[in-house]
Amino acid sequence: MEAGLLSFSSSLSPLCHNRTLALNSKISKAGNYPRLPIIRSAVSRTKKEETVETVKSHLENCHLLAAINYKGLTVKQFQDLRRTLPETTKLVVAKNTLVFKAIEGTKWEALKPCMKGMNAWLFVQTDEIPTAIKPYRSFQKERKLEDNDFAGAVFEGKFYAPDNFKVLETMPTRAEVYAKLLGSLQSPAINLVSTLQAPAIEVIMTLKAYVKKLEDESNNA
């Protein structure tokens with residue numbers, strides 16, 4: 001690739017041709033090629049494009065995307081953290097500009113308030129949100145990383161700021177949703193009405209879980 005950038009047309013003037021020969025001679029003696037700015041630029045652009053595509057691929061089966069304040073974390077701490085995460089959770093360090101390029105025009109664009117400072121990005125690819133978040137909370141507490149808190153998250157198109165992040169961490173698990181729904185269906189109608197008067201997010205999760213249960217039963221029939 002670099003050698004190709006150093007080739008010239010035979011229509012060049014003798015002076016230019018002589019300079020080309022001199023440059024090639026220097027390259028031959030040095031045993032390597034000069035690091036041309038155009039090459040560095042191309043490599044940088046390629047890496048940025050790869051990062052954007054990586055973010056997009058992680059979003060394909062993503063239920064929640066969260067930003068974590070990354071500044072101050074050491075490489076070892078980051079590696080240790082990754083080992084504590086379940087397979088359904090991915091942790092990526094990427095520039096805000098590249099992440100925003102990947103989420104722009106999608107439901108994840110609600111994460112825009114987090115596009116400042118240094119962030120690590122947590123991709124949760126399961127609907128068991130509290131279970132996916134818990135490993136980082138435990139890691140944060142054990143290592144006393146109070147400053148490396150969640151900067152925010154997007155779940156079902158809604159932005160959750162740090163001060164209302166507790167809503168995500170206390171969402172019912174799938175098992176709890178099943179138990180609650182079945183209990184409501186087996187009890188007097190007033191209990192079902194009570195369930196439907198719960199916060200909207202609980203109702204949504206309950207109904208989604210029930211629909212999935214019916215689909216599974218239908219497929220296994």
Side-chain angles (χ1 to χ4, degrees), residues 50-70 73 75-96 98-103 106-111 114-115 118-143 145 148-162 164-181 199-220:
E50 289 175 351
T51 299
V52 172
E53 290 306 312
T54 296
V55 172
K56 287 182 177 179
S57 68
H58 286 332
L59 289 173
E60 288 179 4
N61 301 308
C62 192
H63 289 259
L64 178 142
L65 175 58
I68 298 174
N69 293 317
Y70 177 66
L73 281 177
V75 174
K76 185 179 185 307
Q77 286 175 325
F78 186 76
Q79 292 173 339
D80 290 343
L81 171 58
R82 268 185 164 168
R83 282 193 285 269
T84 68
L85 300 177
E87 293 182 1
T88 54
T89 304
K90 312 295 182 186
L91 187 64
V92 176
V93 174
K95 290 183 177 181
N96 298 332
L98 300 180
V99 173
F100 187 74
K101 185 175 181 180
I103 66 175
T106 71
K107 63 181 180 180
W108 305 106
E109 190 173 349
L111 203 63
C114 295
M115 298 297 159
M118 294 177 63
N119 293 305
W121 306 92
L122 192 72
F123 298 81
V124 177
Q125 298 172 332
T126 174
D127 56 3
E128 296 285 358
I129 305 301
T131 303
I133 295 174
K134 188 176 180 180
Y136 180 73
R137 279 299 190 209
S138 299
F139 180 86
Q140 182 188 27
K141 185 177 180 180
E142 291 171 3
R143 305 299 178 96
L145 301 171
N148 298 103
D149 201 358
F150 287 101
V154 169
F155 174 66
E156 295 190 339
K158 179 181 176 181
F159 177 72
Y160 289 81
N164 64 347
F165 213 82
K166 205 69 178 177
V167 174
L168 298 172
E169 298 181 80
T170 57
M171 285 175 57
T173 64
R174 187 183 293 113
E176 291 170 340
V177 169
Y178 283 161
K180 188 171 184 178
L181 181 61
I201 191 168
E202 285 191 33
V203 176
I204 292 172
M205 293 300 295
T206 300
L207 294 177
K208 284 178 65 177
Y210 186 59
V211 169
K212 185 178 187 303
K213 179 176 179 293
L214 293 178
E215 291 176 345
D216 291 343
E217 290 176 348
S218 176
N219 292 333
N220 294 329

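Heavy-atom basis, side chains included; hydrogens, waters and symmetry copies ignored.
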Heavy-atom distance under 4.5 Å between the side chains of [X] and [Y], does that happen here?
{"X": "I103", "Y": "M115", "value": "yes"}
{"X": "C62", "Y": "F123", "value": "yes"}
{"X": "M171", "Y": "F155", "value": "yes"}

F139 meets the ring pair (Phe, Tyr, Trp, His ring centres under 6.0 Å) criterion, sequence neighbours left out, with none
For F159, the ring pair (Phe, Tyr, Trp, His ring centres under 6.0 Å) test, sequence neighbours excluded, returns none
Checking K158 against Y160: charged group under 6.0 Å from the ring centre and within 45 degrees of the axis? yes
Does [X] use its side chain to pair, donor to acceptor, with the backbone of [Y] at less than 3.5 Å?
{"X": "Q125", "Y": "H58", "value": "yes"}
{"X": "T54", "Y": "E50", "value": "yes"}
{"X": "W108", "Y": "L65", "value": "no"}
{"X": "K90", "Y": "E87", "value": "yes"}

Can you give me the closest heavy-atom contact between [X] and [Y], atom names plus distance?
{"X": "L111", "Y": "V154", "value": "N-CG2, 3.5 Å"}
{"X": "Y70", "Y": "N119", "value": "CB-C, 3.7 Å"}
{"X": "A151", "Y": "C114", "value": "O-SG, 3.4 Å"}
{"X": "Q77", "Y": "L145", "value": "NE2-CD2, 3.9 Å"}
{"X": "V52", "Y": "K101", "value": "CG2-CD, 4.1 Å"}
{"X": "Y136", "Y": "D149", "value": "OH-N, 4.4 Å"}

Straight-line distance of [X] [atom1] to [Y] [atom2], nearest 0.5 Å:
{"X": "N164", "Y": "E169", "atom1": "CG", "atom2": "CD", "value": "10.5 Å"}
{"X": "I133", "Y": "I68", "atom1": "CD1", "atom2": "CD1", "value": "9.5 Å"}
{"X": "T126", "Y": "L64", "atom1": "OG1", "atom2": "CG", "value": "10.5 Å"}
{"X": "K134", "Y": "L85", "atom1": "NZ", "atom2": "CG", "value": "14.0 Å"}
{"X": "N148", "Y": "M118", "atom1": "CG", "atom2": "CE", "value": "10.0 Å"}
{"X": "E142", "Y": "D80", "atom1": "CD", "atom2": "CG", "value": "10.5 Å"}

Testing the 3.5 Å rule here: is there a donor-acceptor pair between the side chains of R137 and Q140? yes
